[in-house]
Number of protein chains: 2
Amino acid sequence: MTPLTMKLEQCTALSEAERRRLDRLSEFPAKHFDAGDVILAEGQRVDRIHLVTDGFAARVKSLPDGLRQIVAFMIPGDLCDLEVFVLERMDHDIIAMAPTRCALIPMQEITELLTEVTTLTKALWWSTMTDLAVLRNRIVDQGRREAPERLAHLFYELLIRYRMIGMAADNSYPLPLSQTGLADAAGISPVHANRSLSLLRAERLVELDRGVVTVLNPAGLKRIAGFEAGYLHMARTEHPTNVSHRAEDLI
Amino acid sequence: MTPLTMKLEQCTALSEAERRRLDRLSEFPAKHFDAGDVILAEGQRVDRIHLVTDGFAARVKSLPDGLRQIVAFMIPGDLCDLEVFVLERMDHDIIAMAPTRCALIPMQEITELLTEVTTLTKALWWSTMTDLAVLRNRIVDQGRREAPERLAHLFYELLIRYRMIGMAADNSYPLPLSQTGLADAAGISPVHANRSLSLLRAERLVELDRGVVTVLNPAGLKRIAGFEAGYLHMARTEHPTNVSHRAEDLI
DNA sequence: CGTCGGATTGAAGATACTCAACATGAGTGG
DNA sequence: CCACTCATGTTGAGTATCTTCAATCCGACG
């Protein structure tokens, strides 16, 4: 099963046919990007949907003064530019933070999915709404929490999202960012990112080495992050019958 | 024309029939809320869509320590809970900040809109995607801009959104918030909100009196806010043929 | 071995927070 | 009409968080 399918199954159970339909999306001709490459540039018109199948990318807003702010991360299974159906151009950059592969899906393919199959329609809407919820939480973070908590929240959220797509075995997942990148994500300075990170390390909550995050104490991390399980809306993972991905199981 | 219709016309030109279809949504039985009332509570299951027809509300995330963060404002024409189609429950509160009226639209009505009429479908998607873009910008604000700039951005964005629905004549619009509310929106303390606001006043950029914002110098406000016109995606208002709502016209 | 990007540490200064006092203005009740 | 109350706005002072600038350290790599 592809990451996209695994992710959308968090919304509703899909039929075998639907699963295959979704899986096929990952097989469209892929394009490869190196770390630092711009996958989609602000202002660009897009004609094909980019589905991340491998790697790690970020939505980045660049300011005139050179500062930049990462507003979201993209991991395998994430669609970069669903918005092109209704918006003319990208209003931000998407940048590969590590070698990244994207399947290029013709828009028509998604259009068909959106009209044909209602349960898939629902799944794609779910994905969009979850993105909204994630952004709302990011705003709370940056408005009302201090730097170490923001980092903790970031680490914990990514842990959950990687689990959703089956890539967080051992509470470990890839995060190919320099501390400057972390700082961009948390809205703090690189120096402060370093110091805040040391705090989390000192408390033995999380380790970050060579682009790999290891969550040493998920419960503790979740606590200081002020993380609410609800907002990622993992309907099915909350079921006792489907325990393999549940956040609380691996504490 | 209702605010919702005016707003969605920023996306594409609508036929007379579509316009009437949308206008009808505002005529569903309304519910009234006083300032401070909770329109929708976190965790609540929703069975009817709330369309703000009058007043002013906010999406609010409350933290355990009592702090709260406003993550978005709702003005007439905004749909509060489109997300219920795919998410089980609200993941945040919606609170009236002034006397507010909401039309309660049966979910089926929206479902029909979403499947029947493709251009309306597109318009609703546009609305959702714009919400996403607004949140991305909010994150940039809180991560990378200082308090006065954040307030400036807030004031300017609301100016544009009120213009979209024809409610910002004279560069003036309602903002029924105490300075504490402003602080919640900008992610700063009430005291700091006061001081930052005095700065904007001193520069004669904006006035805020008795719940009414008056933008004295739109160009200057836009400049210090670092506001990018693009992200609200007002396709049609950027056309020279439709000048009445254009942001730059009234400077 | 030297270089280079990233990580780390120190120190000074800016932005923002908290606590606290005081002002203002709309209501309310005497 | 005045006194009182209460919410909100304003201002001051001390402190905390965070930023910036700068120096140093470290590991990867030629």
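Keep in mind that this is a model prediction, so the values were computed, not measured. Values below: every heavy atom of this structure, side chains too, minus hydrogens, waters and symmetry copies.
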Exercise. Sub-3.5 Å donor-acceptor pair from the side chain of B:R145 to the main-chain atoms of B:H153, do we have one?
Worked result: no
For this session: For DNA chain D, note the earliest and the latest nucleotide, 5' to 3', having some atom under 4.0 Å of a heavy atom belonging to chain B.
Result: D:dG9 to D:dA13
Exercise. Any donor and acceptor pair, going by atom type alone, linking the side chain of A:Q69 with main-chain N or O of A:D184 inside 3.5 Å?
Worked result: yes
Exercise. Would you call B:E83-B:R59 a salt bridge at under 4.0 Å N-O?
Worked result: yes
Exercise. Can you tell me if the side-chain N/O atoms of A:N194 get under 4.0 Å from OP1 or OP2 in C:dA7?
Worked result: no
Exercise. Separation of B:D209 atom CG from C:dT24 atom P, in whole Å?
Worked result: 15 Å
Exercise. When the ring planes of A:Y162 and A:Y173 are compared, do they come out parallel, tilted or perpendicular, using 30° and 60° as the limits?
Worked result: parallel
For this session: Output yes when A:R68 and A:D93 qualify as a salt bridge under the 4.0 Å nitrogen-oxygen rule, no when they do not.
Result: no
Exercise. Rounded to the nearest 0.5 Å, how far does CG of B:L208 lie from CZ of B:R201?
Worked result: 6.0 Å
For this session: Please state how far atom CZ in A:R210 lies from atom P in C:dA7, giving the value in whole angstrom units.
Result: 12 Å
Exercise. Is B:R144 salt-bridged to A:D65, going by a charged N under 4.0 Å from an acidic O?
Worked result: no
Exercise. If we only count heavy atoms from C-beta on, is the A:R48 to A:K31 side-chain gap below 4.5 Å?
Worked result: no
Problem set entry | Nucleotide-resolved protein contact map, nucleotides 15-22 of chain C, B/S/- at heavy-atom distance under 4.0 Å | SSSBB---
